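Sequential numbering from 1 along the given sequence is applied to the chain's residues. Each ligand, and each atom within it, is numbered from 1 in the order the structure gives. Here the structure is a predicted model, which means the values were calculated and not measured. Every heavy atom of this structure was used, including side-chain atoms; hydrogens, water molecules and symmetry mates were not.
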Amino acid sequence: MSEKILVIGANGQIGSELVIALRKQHGGQQVIASDINKPVDAIKDSGPFEFANVLDKEALQCLFQKHQPTQVYLLAAILSAIGEQKPKLAWDLNMNGLINVLDLAVEFKTSKVFWPSSIAVFGPHSPRQNTPQYCIMDPNTVYGFSKLAGERWCEYYHTKYGLDVRSIRYPGLISWKAAPGGGTTDYAIHIFYEALKNGTYQSFLSAGTKLPMMYMEDAIRATLQLMEAPAERISIRSSYNLGGISFTPEALANEIKQHIPEFTISYADHDPRQAIADSWPQSVDDSQAEQDWDWKLEYDLPRMTADMLKNLKNTLNL
Ligand code: VAH
């Protein structure tokens, strides 16, 4: 039977690329993109779109009734930096949005659900190097503990209702097709635009702030690989660690200088996002993803940097 896939949060940094990838895999008409805002052209022109507010359960139920999705990807979320400015909204959207979707997926017997978690579920007392799949987790951002609680809900719906819900703890994601979503790792995207347009960038994270990051190409491939894996190979029903590439703003600036020798970087201090970054892992162990669904990273820092600059030069007509 052909899939009918509903992507909620299709305009976001992940959603906008995931919709295109899913439409390529399953056919444009098989993937319904939905968002609270009107669709970007690439989404509008390549398949069906529906307006959806993940907090309006009745309207969402009508969407499930109309499309009877076989798979649902819930990507609507408020990220770490904005979440600290709007804590109650972040909790409401990240938590109640997820519970609405889990409830409807059970009601409409949706075969598979995907929900993104984040390495933000770790906190100041989690091991910071090669952070394991299981360890102390004391996140101190609303985004982080909403994702941690969300992981618990996902595992609960799998255990109690047999729902095949799968999740990845994404590192900071770097992409050029859609704007970043107000996170702490957004510096690693802004730096490319500033390097190309102005030849200089002031980082809001300090030079030595090492964080796990990942190029969006790898993140999308990991998502599809997880969702295609046989259910019997999925041993983690909270969320899989995914490590990516760990680097600092200084290391990224040095890599950009290989392409733009005159590029300079400076560092702001006292930015509130520094404390968030300092509470997160510097590297993450994703051996469980390798073991369960053959995960393998393809973009290292040099390859990601070259690809970002090449694509941004084109889109910015530089
Ligand atoms: C954020 N980009 O910065 C997200 C991500 C690990 C970071 O979850 O909030």
Side-chain angles (χ1 to χ4, degrees), residues 9 11-18 74-87 89-91 93-95 97-98 114-124 126 128-131 133 137-151 167-192 203-206 209-220 222-223 238-249 252 271-286 289 297 304 308:
N11 283 348
Q13 185 193 12
I14 300 173
S16 54
E17 300 212 34
L18 198 55
L74 170 58
L75 301 162
I78 290 180
L79 301 185
S80 59
I82 294 182
E84 290 310 294
Q85 296 161 14
K86 303 174 181 172
L89 179 63
W91 177 260
L93 175 64
N94 295 358
M95 211 72 290
L98 171 62
F114 177 79
W115 177 76
S117 183
S118 161
I119 57 112
V121 296
F122 298 109
S126 307
R128 294 200 71 199
Q129 307 301 333
N130 217 26
T131 308
Q133 181 71 40
M137 301 166 89
D138 57 341
N140 53 19
T141 63
V142 175
Y143 172 69
F145 57 72
S146 73
K147 288 296 183 182
L148 182 55
E151 291 185 4
S167 178
I168 286 175
R169 289 170 183 161
Y170 289 120
L173 298 182
I174 298 169
S175 62
W176 53 274
K177 291 178 189 159
T184 300
T185 57
D186 291 358
Y187 89 88
I189 299 170
H190 298 151
I191 191 171
F192 285 100
S203 169
F204 55 75
L205 296 184
S206 63
T209 307
K210 182 180 276 192
L211 288 170
M213 303 288 227
M214 182 174 280
Y215 199 34
M216 186 62 81
E217 270 63 12
D218 271 328
I220 297 296
T223 308
S238 50
S239 188
Y240 278 92
N241 275 8
L242 210 54
I245 343 163
S246 290
F247 57 78
T248 63
L252 179 54
D271 188 294
R273 290 164 288 191
Q274 184 66 49
I276 296 174
D278 291 342
S279 73
W280 287 350
Q282 293 186 329
S283 61
V284 167
D285 169 25
D286 57 15
L297 191 77
M304 183 269 290
M308 273 293 281

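Of the possible polar contacts, none joining the Ser117 side chain to the Ile168 backbone as a donor-acceptor pair under 3.5 Å is found.
Shown here are the salt bridge (Lys or Arg N to Asp or Glu O under 4.0 Å) partners of Glu17, two or more places apart in sequence or in another chain: Lys177. Glu84 pairs by the salt bridge (Lys or Arg N to Asp or Glu O under 4.0 Å) definition with nothing, not counting sequence neighbours. Partners of Lys86 under the salt bridge (Lys or Arg N to Asp or Glu O under 4.0 Å) rule, at least two apart in sequence or in another chain, do not exist in this structure.
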Which pairs of N or O atoms, one from ligand 1 and one from the protein, are separated by less than 3.5 Å, and what is the distance for each pair?
from: ligand 1; atom 1: 2 (N); to: Thr185; atom 2: OG1; distance (Å): 3.0
from: ligand 1; atom 1: 3 (O); to: Ser80; atom 2: OG; distance (Å): 3.4
from: ligand 1; atom 1: 3 (O); to: Thr184; atom 2: N; distance (Å): 2.7
from: ligand 1; atom 1: 3 (O); to: Thr185; atom 2: N; distance (Å): 3.2
from: ligand 1; atom 1: 3 (O); to: Thr185; atom 2: OG1; distance (Å): 3.4
from: ligand 1; atom 1: 8 (O); to: Ser118; atom 2: OG; distance (Å): 2.8
from: ligand 1; atom 1: 8 (O); to: Tyr143; atom 2: OH; distance (Å): 2.7
from: ligand 1; atom 1: 9 (O); to: Ser80; atom 2: N; distance (Å): 3.1
from: ligand 1; atom 1: 9 (O); to: Ser80; atom 2: OG; distance (Å): 2.6

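To the nearest 0.5 Å, atoms CG (Leu93) and CD1 (Ile82) are separated by 11.0 Å.
Relative ring orientation between Phe204 and Tyr187 is described as perpendicular, the plane-to-plane angle rising above 60° on a 0-90° scale split at 30° and 60°.
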